[in-house]
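What follows is a set of notes on a single structure, which appears directly below.
The figures here come from the full heavy-atom set of this structure, side chains too, leaving out hydrogens, waters and symmetry mates.
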Amino acid sequence: MSTAGQVIRCRAAVAWESGKPLSIEEVEVAPPQKDEVRIKILFTSLCHTDVYSWDAKGQNPLFPRILGHEAGGIVESVGEGVTDLKPGDHVLPIFTGECKECPHCLSEESNMCDLLRINTDRGEMINDGKSRFSINGKPIYHFLGTSTFSEYTVVHVGQVAKINPEAPLDKVCVLSCGMSTGFGATVNVAKPKKGQSVAIFGLGAVGLAAAEGARVSGASRIIGVDLNPSRFEQAKKFGVTEFVNPKDYNKPVQEAIVEMTGGGVDRSVECTGSIQAMISAFECVHDGWGVAVLVGVPNKDDAFKTHPVNLLNEKTVKGTFFGNYKPRSDIPAVVEKYMNKELELDKFITHTVPFSEINKAFELMLAGEGLRCVIRMDE
């Protein structure tokens, strides 16, 4: 029996207030409107951004809300005007979009869509400013246009990547945010040449994805920088060859890295959001050709400073957003890299929990355990 055009009742994990455990509720999910797609979510994973928004210390709190943005699922129905997706398609919903019409989408150099760029403050759909979720007639806010902590969700078509139906959704779901962000920061933005050295600041999931990008690029030395030495053993699986803990030095860590590399690394990728790490990542690259790429999201009042002579000495600092991938155009090819065994994902997935135990995923992340916890929606 088709559910197209009907309101669907299903389970969702609702965040009612900041920092309180999510509660599994029966929600009503309205049909997709113009340029929207309703997706049955099969697997979702927990990303640090979900925890950050649930905790709501660094931004505007917006509750009640259905969080979640790293996921894989199958299209259930499509709204008016949607031509490139149909029911049954396997898809990854993505927290940023590609309208294919704005100046950013038409530029080969940018993936920052004017219409669908990430907006943590928006809790409704762009089309009509309304939510597609409700409980007893009261609206529940969306999150990043995806809200994947629900068995069904409604997403703008520009935020949906259609992928190979053979790809295992319980693995490739992690490509819809963290893994692509880190991997793309290295391969698309830092672009290390074979044999070059790369320093990775922060060895969480995104940093290790950046290390994986350096490994695939043929870097000769991959130096992992982290304040937590317990991460070093795991990072070896991602190609990291040496480890630096800034706490072990009585001088700025960038000076230590310049010494150990005889002038600085060729590339660095910063994945922590710490201003100090950003400065270190920039100042540890080699003069003449060194490139530092900033990935981590800082607090809203932060600023970082460095002496302009670093720039005059031909060191480059770049920023990146979602690894410079356009979601609809580029992510299907990243999934193919996994299918062709050019990219490993299984080692990022350290835990799985049933949907009924979603709060356990939060506990694991808050305790700093593991990398990605995949949540199975059918349990």
Side-chain angles (χ1 to χ4, degrees), residues 3-4 6-15 22-32 36-47 49-50 53-54 64-79 82 85-97 125 131-135 140-165 167-180 327 331 335 345 349 351-362 372-379:
T3 45
Q6 313 284 320
V7 170
I8 289 179
R9 290 174 181 272
C10 67
R11 294 182 303 163
V14 179
L22 306 188
S23 96
I24 306 276
E25 308 275 359
E26 185 180 80
V27 298
E28 286 139 18
V29 185
E36 295 171 1
V37 183
R38 190 160 59 183
I39 301 168
K40 180 180 173 67
I41 299 293
L42 297 181
F43 299 94
T44 183
S45 60
L46 183 65
C47 167
T49 307
D50 297 307
S53 300
W54 163 78
R65 197 170 205 182
I66 297 172
L67 298 166
H69 65 284
E70 223 178 63
I74 296 176
V75 173
E76 173 270 340
S77 61
V78 302
V82 176
L85 288 168
K86 63 185 186 307
D89 284 344
H90 286 223
V91 293
L92 303 181
I94 296 178
F95 65 92
T96 182
M125 297 302 287
S131 173
R132 303 286 173 261
F133 297 112
S134 60
I135 295 179
I140 308 289
Y141 290 115
H142 292 249
F143 176 64
L144 301 182
T146 51
S147 291
T148 61
F149 294 167
S150 173
E151 291 176 312
Y152 287 87
T153 188
V154 177
V155 181
H156 191 286
V157 65
Q159 287 182 241
V160 182
K162 179 182 171 180
I163 62 162
N164 182 343
L169 289 170
D170 59 331
K171 303 288 193 290
V172 298
C173 62
V174 298
L175 286 172
S176 59
C177 176
M179 304 314 93
S180 296
I331 293 304
V335 170
L345 293 177
I349 299 163
H351 298 83
T352 57
V353 297
F355 186 40
S356 55
E357 293 174 30
I358 189 170
N359 288 302
K360 191 169 177 206
F362 280 75
R372 276 294 185 266
C373 179
V374 169
I375 297 150
R376 300 187 302 271
M377 298 302 286
D378 59 354
E379 294 183 45

query: Do the side chains of Glu70 and Arg372 get nearer than 4.5 Å, heavy atoms only?
result: yes
Between CD1 on residue Ile8 and CD on residue Gln6, distance to nearest 0.5 Å: 8.5 Å
query: Between Ala30 and Val154, which heavy-atom pair has the shortest distance, and what is it?
result: O-CG2, 3.4 Å
field: Sub-4.5 Å side-chain heavy-atom contact between Leu345 and Met179
entry: yes
field: Ser356/Glu379 under side-chain contact (heavy atoms from CB on, under 4.5 Å): CA gap, chis, key distance, verdict
entry: CA-CA 6 Å; Ser356 55; Glu379 294 183 45; 5.6 Å; no
message: Test side-chain contact (heavy atoms from CB on, under 4.5 Å) on Ile163 and Val172; report intermediate values, then the result.
response: CA-CA 9 Å; Ile163 62 162; Val172 298; 3.8 Å; yes
field: Partner residues of Phe43 under the ring-ring contact (aromatic ring centres under 6.0 Å, His included) criterion, sequence neighbours left out
entry: none
query: Do Val27 and Tyr152 come within less than 4.5 Å of each other through their side chains, counting heavy atoms only?
result: no
task: Could you tell me the separation between the CG atom of Leu169 and the NZ atom of Lys171, rounded to the nearest 0.5 Å?
output: 11.0 Å
- prompt: Would a 4.5 Å heavy-atom cut-off, applied to side chains only, mark Ser176 and Thr148 as touching?
  reply: no
query: How many angstroms lie between CD in Glu26 and CZ in Arg11, if you round to the nearest 0.5 Å?
result: 11.0 Å
field: Sub-4.5 Å side-chain heavy-atom contact between Phe133 and Glu28
entry: no
task: State, to 0.1 Å, how close Ile66 and Ala12 come at their nearest heavy-atom pair, and which atoms those are.
output: CD1-CB, 3.8 Å
message: Does any part of the side chain of Val160, heavy atoms only, come nearer than 4.5 Å to the side chain of Ile94, both counted from C-beta?
response: no
From His90 atom NE2 to Leu42 atom CG, the distance as rounded to the nearest 0.5 Å: 7.5 Å
- prompt: Can you tell me how far the CD1 atom of Ile375 sits from the CD1 atom of Ile358, to the nearest 0.5 Å?
  reply: 4.0 Å
message: Side chains of Thr3 and Glu76: any donor to acceptor distance under 3.5 Å?
response: yes
Intermediate values then yes/no, side-chain hydrogen bond (donor to acceptor under 3.5 Å, both in side chains), Arg38 and Thr153: CA-CA 6 Å; Arg38 190 160 59 183; Thr153 188; over 6 Å; no
task: Side-chain contact test, heavy atoms from C-beta onward, threshold under 4.5 Å: evaluate it for Thr146 versus Gln159 and give yes or no.
output: yes
query: Do Leu85 and Val157 touch side chain to side chain, with heavy atoms closer than 4.5 Å?
result: yes
query: Ignoring hydrogens and geometry, is there a side-chain-to-backbone donor-acceptor pair from His142 to Arg132 under 3.5 Å?
result: yes
Point-to-point distance, once rounded to the nearest 0.5 Å, from CZ of Phe95 to CG of Asp50: 11.0 Å
- prompt: Which atom names give the shortest non-hydrogen contact between Phe143 and His69, and what distance separates them?
  reply: CE2-ND1, 3.8 Å
message: Under the criterion side-chain contact (heavy atoms from CB on, under 4.5 Å), I'd like the reasoning laid out for Val75 against Lys86: C-alpha separation, chi angles, the key distance, then a yes or no.
response: CA-CA 7 Å; Val75 173; Lys86 63 185 186 307; over 6 Å; no
query: If you take all heavy atoms of Cys173 and Ala71, which pair is closest and at what distance?
result: CB-C, 3.5 Å
query: Is a side-chain donor or acceptor of Ser45 paired with a backbone partner of Cys373 at a separation under 3.5 angstrom?
result: no
- prompt: Closest heavy-atom contact between Pro64 and Val14?
  reply: CB-CG1, 4.0 Å
message: If you compare all heavy atoms of Val29 against all heavy atoms of Ser150, which two are closest, and at what distance to 0.1 Å?
response: CG2-OG, 4.4 Å
field: From CA spacing to verdict: side-chain contact (heavy atoms from CB on, under 4.5 Å), Val82, Glu36
entry: CA-CA 7 Å; Val82 176; Glu36 295 171 1; 5.9 Å; no
